[in-house]
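In the text below, chain A, chain B and the rest are named by the order of the sequence lines, each starting its count at 1. Everything quoted here is computed from the prediction, not taken from an experiment.
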2 protein chains.
Amino acid sequence: MPIVSTTNGPRRVTIDDVARLTGVSRQTVSRAINDKPQIDSATKQRILTAAKELGYRPSRFARGMVRQSTTTLGLVIADVLNPFFPEVVAGVLEAADARGWHVVIYTTASELSKEREVAETVVDHVDACVAFMLDSAAITRVAGSGMPFVLLGNEDRPTQLSTVRIDFDSGIRQAFDHLVAKGHRNIAMIDDRDRAKSGAPDIRSGLFTAVAAEYGLRIEPHWRQPSSNSIQGGAAAMERLLETAPEVTAVVSYNDMIAIGAMRHARARGLAVPGDRAFVGFDGLALGELVDPPLTTLHIDKRRLGQAAVEQAAAQMPGGGGMADTLIRTQLVVRDST
Amino acid sequence: MPIVSTTNGPRRVTIDDVARLTGVSRQTVSRAINDKPQIDSATKQRILTAAKELGYRPSRFARGMVRQSTTTLGLVIADVLNPFFPEVVAGVLEAADARGWHVVIYTTASELSKEREVAETVVDHVDACVAFMLDSAAITRVAGSGMPFVLLGNEDRPTQLSTVRIDFDSGIRQAFDHLVAKGHRNIAMIDDRDRAKSGAPDIRSGLFTAVAAEYGLRIEPHWRQPSSNSIQGGAAAMERLLETAPEVTAVVSYNDMIAIGAMRHARARGLAVPGDRAFVGFDGLALGELVDPPLTTLHIDKRRLGQAAVEQAAAQMPGGGGMADTLIRTQLVVRDST
DNA sequence: CTGAAAGCGCTAACAC
DNA sequence: GTGTTAGCGCTTTCAG
């Protein structure tokens, strides 16, 4: 019994253990494991059996070191349960798969502290990163690590990073054009609370006010309600709107989830949609055409967003084209909520 | 000019490159990079600057080799766009995060060949795997690799693997109880086509027939329609049902997506729901309460499914409890579609 | 067909 | 504070 014993848990079983047990050299084991041609099939069998018995598993790291490594992409999103993200993820997965990249997924719940934590983890564990992030420190941490980095959906932040952003400006204009044509004059907005919290300048709210002014529309401060990013949040915000701003006849929301919550709440309160209140969402979720009434929305191609992000990450790898930006345009999809 | 030049692309910049440039030892660079205490802060700055300039990034693999490695979980699902999976993913992410595990996500589109391909990739790149898989070869490949493996949602396959499965048996009984109590006698089922394709014995269809028999209900073969796993698929299956089996008054579907497609199609055809046709789904997606009419469904705790899977994978790691199984019970949620 | 030597890029342990 | 010496576990030469 040795005086000192490593406490590293049950020590990893290595290729040498298998070699020892089988009485062959390490290389021969390697050949067997990797299915190389030059090996006697009997020896191979013997080795494979021994390996299985010992529970031998090659070390990813040792292999990665010696082989030309696979590239792993970190994908940072707020929350898989928000239906916006799965579509982006699908695009990322597709584009990553096409390049033979692996993708590790991290969620932040849009919490700034969690974003920082994820940033810390990411820099150590992936080769490139595409991220929905709001926190400056987190963004700086990842971008500053030197790895290819693409910032997603953060329209508020002026930056010299590679980004994929959504053209809110033209989106809001499309919404106003549509609503004004329908005769609305008192238009409210339900915005995302989390963006405001991030401390970044809120371009969207400003945009909303500016565009309203362009159209010569009145716009009261309390016509802009913040909301958590969910159906419940939208409903709560709508409740506030109903109480404090009954004169409003149309509301445009930060996204479809919020819009759906707001719309349902209006209905639950006995209001007709679009008769008493009209609603326009933002995102163009599949969900929007399933609800009642189907939601008018500013559709964005979320899948393409994901693909573009991966392409831009790839462009930052040695030999790529370098930094790039993509602006995703919105498309107004008129359904029955307006 | 050398006669031979390595074509390995732009050779990786290593810690030694930084050391050379800075005129210090490799170790000192390491200290600077890893923010270790015993280093002169001036030297540190100099090194960090040089590192950034060279674009130096530590190798994940070399680090992983020398440090005690992080564990990476492979998560194999069919498709992120199917709202069933994001909920599972959320559970997996949550449980994995709690253990400090990273999760790499792979999708198969339920295609058997893709499953095999993913299996091949997975065994080389992760330390444990939880997977929705139908293909025997793929399952065997991963399970046989010796890594902790948990098979998900594959109720049809008798197996001695660690699994998390859904209690379809009691689910179908709950559906029948409910439907029969509502006076239905001619009950159809829309099943998932992909499961049938997998060649595994289809327990669910058998179950459906068996339970119908128990209730003394007539059941025609064409009352069981296969469907692709989507709203469109459900609609198409419903169309067939309407044409070939007008006597059916209630339909239970393999999942909510299919049920929603079927229900909407019935409505589009001018039928009243639940008046003319009743619908019960399976899964309990959030979506189900948003559609019109809200869908009666057999709810399953998908998040817990994901968590359970991770726990079972952990149990298979050295020092864990070993193999385990979880059976997830369904809960009937009655809404307005019945 | 098999083995021996070398080294992937890094950090831990110990010198200085 | 900093450098030196050893490996981590594997695959890739290259010899036999």
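- Between A/N34 atom CG and D/dT13 atom C1' there is a gap of 16 Å when expressed in whole angstrom units.
- Remark: of the listed residues A/I139, A/V142, A/V76, A/V164, A/I139 is the sole one forming a side-chain contact (heavy atoms from CB on, under 4.5 Å) with A/L151.
- A donor-acceptor pair under 3.5 Å links the side-chain atoms of A/R46 to the main chain of A/T22, judged by distance alone.
- Residue-to-nucleotide contacts include no donor-acceptor pair under 3.5 Å from the side chain of A/R57 to the base of D/dG9.
- You'll find that the side chain of A/M65 is closest to C/dC8, out of C/dC8, C/dG3, D/dG1.
- Under a 3.5 Å cut-off, the side chain of B/T43 and the backbone N or O of B/I39 do not form any donor-acceptor pair.
- Using modelled atom types, one side-chain atom of B/D127 and one backbone atom of B/T72 make a donor-acceptor pair closer than 3.5 Å.
- Within 4.0 Å of A/K36, counting heavy atoms only, lie sugar-phosphate atoms of the nucleic acid but no base atom.
- Of the candidates C/dG9, C/dC8, D/dT4, the closest approach to any side-chain atom of B/V66 belongs to C/dG9.
- With C/dT11, D/dT11, C/dC10 as the candidates, the nucleotide lying closest to the side chain of B/T14 is C/dC10.
- Judged by distance alone, with hydrogens and angles left aside, the side-chain atoms of A/E94 form no donor-acceptor pair with the main-chain N or O of A/Q307 at under 3.5 Å.
- Nearest nucleotide to the side chain of A/A62, out of C/dT11, D/dC10, D/dT11: D/dC10.
- With hydrogens and angles ignored, a donor-acceptor pair under 3.5 angstrom links the side chain of B/R31 to the base of D/dG3.
- Side-chain atoms of B/S59 lie closest to C/dC10 of the nucleotides C/dG3, D/dC10, C/dC10.
- Candidate nucleotides D/dT2, C/dT11, D/dG9 were compared by shortest atom distance to the side chain of B/T43, and D/dT2 ranks first.
- When rounded to the nearest whole Å, the span between CZ of A/R20 and C1' of D/dG9 equals 12 Å.
- Residue B/G23 is the one, among A/D16 and B/G23, whose nearest nucleotide of DNA chain D lies closer to the 5' end (criterion: closest heavy atom).
- Rounded to whole Å, atom C1' of D/dT11 lies 10 Å from atom OH of A/Y56.
- Each of A/R26 and A/D40 lies near DNA chain C, and the nucleotide nearest A/D40 is the one positioned closer to the 5' end.
- Nucleotide D/dC10 holds its P atom 13 Å from the CG atom of B/D124, rounded to whole Å.
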